[in-house]
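To start, the structure under review is shown below, and the notes come after it.
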Amino acid sequence: MTEWLALILVVMMLAAALAVVLVPNLVGAIAASSAVSLVVAVIFVVLRAPDVAMTEAAVGAGLSAAVLGLGVRRLGLWKLNEGKKDDA
Amino acid sequence: MNLNPIENLALALLGGAVLLGLYRLLRGPSAVDRLVAADTLSVVITGAIVVVAWLFASALYLDVALVYGVLAFVGTVAMARALEGGRS
Amino acid sequence: MRLVGDLFLLLGSAFLFLGALGLVRMPDVFNRIQAGAKAATLGVLGVLVGIAFLQPGWWPKLLAIGLFILFTNPVGSSTLARAIRIAGVRPWQKPAEESRALEEKS
Amino acid sequence: METEKAEGLGRYLVVFTGALLFWLLLTGSLDSQELLAGLLASAVVAVMAAPRMGILSGIRWSPVLPLQVARYLGVFFLALLRSNFDMARRVLSPALPIRPALVEVKTSLQSDLGRLLLANSITLTPGTLTVDVEGERLLVHWIDASPGTDLESATRAIVSQFETHLREFLE
């Protein structure tokens with residue numbers, strides 16, 4: 001059962017990772033990247049590595065989103081195209 | 001561990017919630033939709049990690065859920081701050 | 001004991017599922033935040049209470065997680081809503097017929 | 001001057017007690033060594049954080065404070081449960097009966113902590129979401145603003161429902 005769960009989670013992680021690359025909007029890409037690290041943390045939990053999962057959760061969920069968001073804003077690449085659709 | 005039908009149904013609903021959140025994250029028409037989806041997804045995943053900890057009958061995994069809940073909030077607030085300051 | 005825990009677990013996951021469904025079905029950002037914030041908060045609390053019944057020795061840590069979620073989730077949602085409004089997104093206030101057409105199109 | 005100093009000391013005590021309780025929840029044991037480490041860590045946290053915890057000054061301390069907080073929490077959980085069933089009904093009905101609108105309400109709570117708790121409560125009550133707090137005005141996103149209803153009075157009813165309970169123990 002654990003193998004199947006891990007396989008489904010890996011597919012989800014790959015979908016989110018593809019979204020990071022394919023989404024043209026940087027804000028959406030940051031959201032997708034935080035989702036990637038989120039699913040990776042669950043994969044580590046399912047594979048019974050709680051310490052690695054905790055590190056991944058700490059760095060991936062909180063800090064990378066904060067650092068990426070502030071960095072993108074500082075660089076002036078921060079745009080929201082609310083009107084148009086940016087389908088991946 | 002043997003699960004009874006109620007628990008199986010609960011696990012299926014939890015997985016469905018994660019899949020629906022991921023759908024909104026991948027599909028979301030605008031960037032802010034993806035942010036909202038990532039925020040909600042992080043809370044759902046916190047609950048899911050607690051359930052996995054119960055399935056494995058090991059309290060170690062609760063720490064992962066705690067760290068995850070705390071840092072997902074930090075990431076959300078950081079992204080919101082960047083979004084506020086991002087207007088020109 | 002196990003049955004009570006199971007029922008709480010089922011209730012919590014059902015609310016989480018409904019919240020995610022609302023996230024998919026609602027037509028604009030503010031409604032999505034609204035569905036997500038409410039349902040996710042109560043859903044996670046339900047799951048935590050259920051696990052506390054199933055594993056009675058874990059209640060202190062589960063209580064800590066629950067308190068944290070209860071305080072931070074609405075704050076995070078409100079902050080996000082405020083930032084989205086400041087960033088220039090406005091909720092639509094059209095009649096229901098037009099909005100439904102818009103939703104089906106997207 | 002004297003009373004201000006006493007209040008500052010009380011704030012240290014409150015932060016220390018809160019940190020110690022959180023430590024006990026996290027470790028879940030009353031072992032003497034862990035308790036000693038927790039006491040030290042709580043003392044360090046209190047010394048570092050208490051001067052910046054001005055948000056605590058809104059609380060009106062009294063012996064019946066836990067009772068009032070418990071009653072507020074009861075009202076809050078009832079509203080949370082009701083709002084979830086309301087949201088479930090809206091999401092599951094195929095017609096999606098929503099008519100969003102932004103409404104502005106005033107609150108009479110003076111302290112920051114009171115406004116924070118009020119905004120949180122509004123976010124988790126049926127059909128409303130706090131979008132912004134500017135001074136004493138709250139901007140509320142209302143999910144079902146049907147043309148017939150009087151929006152102002154309906155919103156004020158929601159706000160006053162929590163305000164009466166919050167005002168008992170907050171400035």
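Values below: every heavy atom of this structure, side chains too, minus hydrogens, waters and symmetry copies. Sequence lines set the chain letters: A, B, ... in the order given, protein chains first and strands last, and positions in each chain run from 1. Quantities reported herein were computed from a predicted structural model and do not represent experimental measurements.
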Exercise. Give a yes or no on whether the backbone of B:Ala37 and the side-chain of B:Arg24 come within a donor-acceptor separation of less than 3.5 Å.
Key: no
Quiz item: What are the two closest non-hydrogen atoms of C:Ala39 and C:Gly19, and how far apart are they?
Solution: CB-CA, 3.3 Å
Practice problem: Return the option, out of B:Val43, B:Thr46, B:Asp39, B:Leu9, with the maximum number of heavy-atom pairs under 4.5 Å with chain C. | Solution: B:Val43
Self-check item: C:Ile33 portion near chain B, given a 4.5 angstrom heavy-atom threshold
Solution: both
Self-check item: Residue, of C:Thr41, C:Val75, C:Leu80, C:Leu18, that accumulates the most heavy atom pairs under 4.5 Å with chain B
Solution: C:Leu80
Exercise. Let me know if C:Val44 has heavy atoms under 4.5 Å from chain B in its side chain, its backbone, both or neither.
Key: side chain
Quiz item: Tell me, which pairs form a ring-ring contact (aromatic ring centres under 6.0 Å, His included) where one or both residues lie in residues 54-89 of chain C, sequence neighbours left out?
Solution: none
Quiz item: What pair of heavy atoms forms the shortest contact from C:Leu62 to C:Leu48, and how long is it?
Solution: CD2-CD2, 3.6 Å
Quiz item: For C:Ile65, is it the side chain, the backbone, both, or neither that has a heavy atom closer than 4.5 Å to a heavy atom of chain B?
Solution: both
Practice problem: Heavy atoms only: give me the nearest C:Gly22-C:Arg32 pair and the separation to one decimal. | Solution: O-CG, 4.5 Å
Exercise. Under 4.5 Å, counting heavy-atom pairs only, tell me which of B:Val50, B:Leu11, B:Val44 racks up the most with chain C.
Key: B:Val50
Exercise. Name the region of C:Leu3, side chain, backbone, both or neither, that has any atom closer than 4.5 Å to a heavy atom of chain B.
Key: side chain
Quiz item: Is there a donor-acceptor contact under 3.5 Å from the side chain of B:Glu7 to the main chain of B:Asn4?
Solution: yes
Exercise. Could you tell me which portion of C:Ile51 (side chain, backbone, both or neither) has an atom closer than 4.5 angstrom to a non-hydrogen atom of chain B?
Key: side chain
Self-check item: Derivation of the side chain to side chain contact (heavy atoms under 4.5 Å, CB included) call for C:Ile86 and C:Arg82
Solution: CA-CA 6 Å; C:Ile86 287 178; C:Arg82 174 163 181 261; 4.1 Å; yes
Quiz item: Which atom pair, heavy atoms only, marks the closest approach of C:Lys61 to B:Leu62?
Solution: CD-CB, 3.7 Å
Quiz prompt | Options C:Leu16, C:Val47, C:Leu45, ranked by heavy-atom pairs under 4.5 Å with chain B, top entry | solution = C:Leu16
Practice problem: Evaluate side chain to side chain contact (heavy atoms under 4.5 Å, CB included) for C:Val4 paired with C:Leu54, printing each intermediate quantity in order. | Solution: CA-CA 8 Å; C:Val4 179; C:Leu54 290 170; over 6 Å; no
Quiz item: So which of B:Gly21, B:Gly16, B:Gly15 has the largest heavy-atom pair count under 4.5 angstrom toward chain C?
Solution: B:Gly16
Self-check item: Among C:Ala14, C:Ala20, C:Gly46, C:Gly12, residue most engaged with chain B (heavy-atom pairs, under 4.5 Å)
Solution: C:Ala20
Practice problem: Using non-hydrogen atoms and a 4.5 Å limit, figure out which bit of C:Asn73 sits close to chain B: side chain, backbone, both or neither. | Solution: side chain
Self-check item: Pair B:Arg27 + B:Asp33, salt bridge at N-O below 4.0 Å
Solution: no
Quiz item: Using a cut-off of under 4.5 Å for heavy-atom pairs, which of C:Leu23, C:Leu9, C:Leu11 has the most such pairs with chain B?
Solution: C:Leu23
Quiz prompt | B:Ala12 versus chain C, the contacting section by heavy-atom distance below 4.5 Å | solution = neither
Practice problem: Name the member of B:Ser42, B:Ala59, B:Ala65 that forms the most heavy-atom pairs with chain C at distances under 4.5 Å. | Solution: B:Ala59
Quiz prompt | Closest contact, heavy atoms only, B:Leu13 versus C:Phe17 | solution = O-CD1, 3.5 Å
Exercise. Decide side chain to side chain contact (heavy atoms under 4.5 Å, CB included) for C:Arg2 and C:Phe53; before the verdict, give the C-alpha distance in whole Å, the side-chain angles of both, and the deciding distance to 0.1 Å.
Key: CA-CA 7 Å; C:Arg2 177 146 187 187; C:Phe53 270 109; over 6 Å; no
Quiz item: If contact means a heavy atom pair closer than 4.5 Å, which residues of residues 69-77 of chain B contact chain C?
Solution: B:Val70, B:Phe73, B:Thr76
Quiz item: Taking the inter-plane angle between the rings of B:Tyr61 and B:Phe56 on a 0 to 90° scale, is it parallel (under 30°), tilted (30 to 60°) or perpendicular (over 60°)?
Solution: perpendicular
